[in-house]
There are 2 protein chains.
Amino acid sequence: MAKKSGSPTVAAESEGKPLDKKSARTRVRILDAAAQVLSAKGYAGMRLSDVAEVAELQAPAIYYYFPSRDDLIEEVMWVGLADMREFLTKALEVAPADAGAMERILIAVETHLRHELEISDYTTAAIRNAGQLPDNIRDRHDAEEKKYGALWRDLFKAAAETGELREDLDPYLAQMLVMGTINWTAEWWQPNRATIDRVVANAQSYVRAALSPAS
Amino acid sequence: MAKKSGSPTVAAESEGKPLDKKSARTRVRILDAAAQVLSAKGYAGMRLSDVAEVAELQAPAIYYYFPSRDDLIEEVMWVGLADMREFLTKALEVAPADAGAMERILIAVETHLRHELEISDYTTAAIRNAGQLPDNIRDRHDAEEKKYGALWRDLFKAAAETGELREDLDPYLAQMLVMGTINWTAEWWQPNRATIDRVVANAQSYVRAALSPAS
DNA sequence: TGAACATGTGAAGCCCCATTAGAATCCGTC
DNA sequence: GACGGATTCTAATGGGGCTTCACATGTTCA
């Protein structure tokens, strides 16, 4: 179940430090490692020694970059969602102006899936551990999750208003069912069983048919 | 996120011991408690002291019933899946003889959802922690999961053969997308947002439309 | 009643792991 | 080519949690 690590985007926010110094790169290496271990072992199962090993340094070095284990985890979880939201926002911005509500939903499906399956670790860490966080970390995560959900809610609201969503589906429930459809892919997808393109195509076809009124 | 505990069915297999003795009931109390804690805290986060508290006894007492923490967890995870499989098997057996392939899939959707949302803790524990188990526990779990997946695979195979599954969907991918649709409900459903009946109705409508060829 | 067996307890052992302390090493700059 | 900050290491500290052990309490049945 070991996954790829790469974290190309990783909203490099930090606190005003330059981004290309050796220091910054080490910080990212630690975050990547943490995402990988967190995704595989879960909140309580992630050990700093494991993270250190993946990041190729000694555990105490982590404290040079993060005040505590929980702070590191909080950052990973937050980046996972924030990155995803940024991705989706951008994707919707560049969508053709004449795209209908359903087409915008399908764009969101593709964006979410590609991000989830390609960038991966951060997102799967965020998804899998959302329910297991202690209260102190949960707050920032929940806030970010709400923002991401709001993007989707707007898409469904629009579809309901333009009649592109079947009447016998509750918009809220439909949204949750779609998010389940795509979130779950991270649990079963493996590169050797089907290409990402195939998964995206099938998921889009599936969602469009599930939501659209009979023509 | 605390959930209900109840474990009505709990395939009471054990090793030939009588089922109604005080002892057996205590054993079930411990299993129920473990399922609840496991579901909430994850594999590594589940503490025997938490389980003991929920089960209303002292932690060492658990060792009278289970050889180790891992054995207890293994049993919870296994029961979660085995119970579900039994449920689904029975539901398909009593299905009307003239039910089509699609109807049988919708029966499976309903059965899975009701079991997941009503019986809950065992299933959510099994679902959430499947990826975080150490190898020694994983084996029995994977084997059972494969059996459950086989039931679904047959349903989709049948639908593909009778033409009740759209041609542009890969049967395997379609199965995974449907299972995502329903598995994910455990992550967001709350009794106060929608009744189980509504969720079931929406999910069935969603899945049928997603899979069926345009009429 | 009392003897065997079934259940449950409290205290202690021991390993693992986050975290801290203090020193070593690297690296650019004067 | 050595000073100073940045970065990383090794070696301890301390608490938490699974597990064991020896004993208490309860229960069943002759």
Side-chain angles (χ1 to χ4, degrees), chain A residues 14-38 40-77 129 132-137, chain B residues 14-38 40-77 129 132-137:
Chain A
S14 316
E15 282 85 37
K17 293 172 191 163
L19 300 171
D20 50 330
K21 283 189 59 177
K22 222 164 291 186
S23 161
R25 267 183 282 120
T26 305
R27 194 186 136 94
V28 169
R29 236 173 51 228
I30 294 174
L31 273 175
D32 285 356
Q36 182 181 322
V37 175
L38 191 59
K41 302 279 190 69
Y43 169 75
M46 183 192 98
R47 281 163 215 163
L48 288 183
S49 53
D50 295 340
V51 174
E53 190 177 354
V54 175
E56 295 180 72
L57 39 68
Q58 301 301 314
I62 296 172
Y63 285 83
Y64 184 74
Y65 298 92
F66 300 89
S68 75
R69 176 179 179 276
D70 273 3
D71 284 274
L72 170 57
I73 291 176
E74 185 179 9
E75 175 107 6
V76 170
M77 300 282 290
N129 293 292
Q132 306 181 349
L133 296 179
D135 294 345
N136 52 320
I137 302 189
Chain B
S14 319
E15 282 86 36
K17 292 172 192 164
L19 302 171
D20 50 331
K21 283 188 63 177
K22 221 163 291 184
S23 160
R25 267 181 282 121
T26 305
R27 194 186 138 94
V28 169
R29 237 171 54 227
I30 294 174
L31 274 174
D32 285 356
Q36 184 181 321
V37 176
L38 190 59
K41 303 280 190 67
Y43 169 74
M46 183 193 98
R47 276 154 218 172
L48 288 183
S49 53
D50 295 340
V51 174
E53 191 177 354
V54 174
E56 295 179 74
L57 38 69
Q58 302 300 316
I62 295 172
Y63 284 82
Y64 184 74
Y65 298 91
F66 300 91
S68 75
R69 177 179 179 276
D70 273 3
D71 283 274
L72 170 57
I73 290 176
E74 184 179 10
E75 176 105 9
V76 170
M77 300 281 291
N129 294 292
Q132 305 182 350
L133 295 180
D135 294 345
N136 51 320
I137 302 189

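Letters A, B, ... mirror the listed sequences (proteins, then strands); counts begin at 1.
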> Which of the following nucleotides, C/dT7, C/dG10, D/dT10, is nearest to the side chain of B/Gln58?
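For the B/Gln58 side chain, the nearest candidate turns out to be C/dG10.
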> Which nucleotide wins on minimum distance to the side chain of B/Arg47, given the candidates D/dG17, D/dA6, C/dA18?
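The answer is D/dG17, which lies nearest to the side chain.
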> Ring of B/Tyr63, cation from B/Arg69 - is the NZ or CZ under 6.0 Å from the centre and inside 45° of the axis?
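Because its charged atom misses either the 6.0 Å distance or the 45° angle limit, B/Arg69 does not stack over B/Tyr63.
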> What is the distance, to the nearest angstrom, from the CZ atom on A/Arg69 to the C1' atom on D/dG16?
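From A/Arg69 CZ to D/dG16 C1': 13 Å.
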> How many Å lie between CZ on B/Arg25 and P on D/dT27, as a whole number?
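After rounding, the gap between these two atoms is 12 Å.
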> Over all strands shown, is A/Ala61 touching base, sugar-phosphate only, or nothing at heavy-atom distances under 4.0 angstrom?
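Contact class for A/Ala61: sugar-phosphate only.
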> Within this structure, what is the CZ-to-C1' distance between B/Phe66 and C/dT7, rounded to whole angstrom?
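That distance rounds to 15 Å.
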> Taking side chain as C-beta onward, heavy atoms only, is A/Leu31 less than 4.5 Å from A/Phe66?
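Contact flag for A/Leu31/A/Phe66 side chains = yes.
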> A/Lys22 side chain N/O closer than 4.0 Å to the phosphate oxygens (OP1, OP2) of D/dT7?
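It does not, given that no N or O in the side chain of A/Lys22 lies less than 4.0 Å from OP1 or OP2 of D/dT7.
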> Is a salt bridge present between B/Arg47 and B/Glu53, judged by a nitrogen-to-oxygen distance below 4.0 Å?
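No salt bridge links B/Arg47 with B/Glu53.
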> Write down the distance between CD (B/Glu56) and C1' (C/dG8), rounded to a whole number of angstrom.
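Spelled out: CD on B/Glu56 to C1' on C/dG8 is 14 Å.
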> Out of curiosity, B/Met77 CE to B/Ile137 CD1, how far, rounded to the nearest 0.5 Å?
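The CE atom of B/Met77 sits 7.5 Å away from the CD1 atom of B/Ile137.
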> In whole Å, I'd like the distance from the CG atom of A/Asp70 to the P atom of C/dC17.
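So the two atoms are 16 Å apart, to the nearest Å.
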> Send over the distance from B/Leu57 CG to C/dG10 P, rounded to a whole Å.
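These atoms are roughly 11 Å apart.
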> Respond yes when some side-chain nitrogen or oxygen of B/Ser23 is under 4.0 Å from OP1 or OP2 of C/dT7, and no when none is.
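So the side-chain polar atoms of B/Ser23 do come within 4.0 Å of the phosphate oxygens OP1 or OP2 of C/dT7, strictly under.
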> Measure the OG1-CD distance between A/Thr26 and A/Glu56 for me, rounded to the nearest 0.5 Å.
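Spacing of OG1 (A/Thr26) from CD (A/Glu56) equals 11.0 Å.
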> Among C/dT9, C/dC17, C/dT7, which nucleotide has an atom closest to any side-chain atom of B/Tyr65?
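Nearest listed nucleotide: C/dT7.
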> Rounded to whole angstroms, how far apart are CD on B/Glu53 and P on D/dG16?
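The answer, rounded to whole Å, is 15 Å.
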> Could you give the OH-to-P distance, from A/Tyr64 to C/dA21, as a whole number of Å?
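A/Tyr64 atom OH is separated from C/dA21 atom P by 17 Å.
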> Does a side-chain N or O from A/Thr26 land closer than 4.0 Å to OP1 or OP2 of D/dT8, or not?
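Answer is yes, contact under 4.0 Å.
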> Closest approach to the side chain of B/Pro60, judged atom by atom: which nucleotide of C/dT7, C/dA21, C/dA11 is it?
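Comparing C/dT7, C/dA21, C/dA11 against the side chain of B/Pro60, the answer is C/dA11.
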> Using OP1 and OP2 only, check whether a side-chain N or O of A/Tyr63 sits under 4.0 Å from C/dT19.
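Yes.
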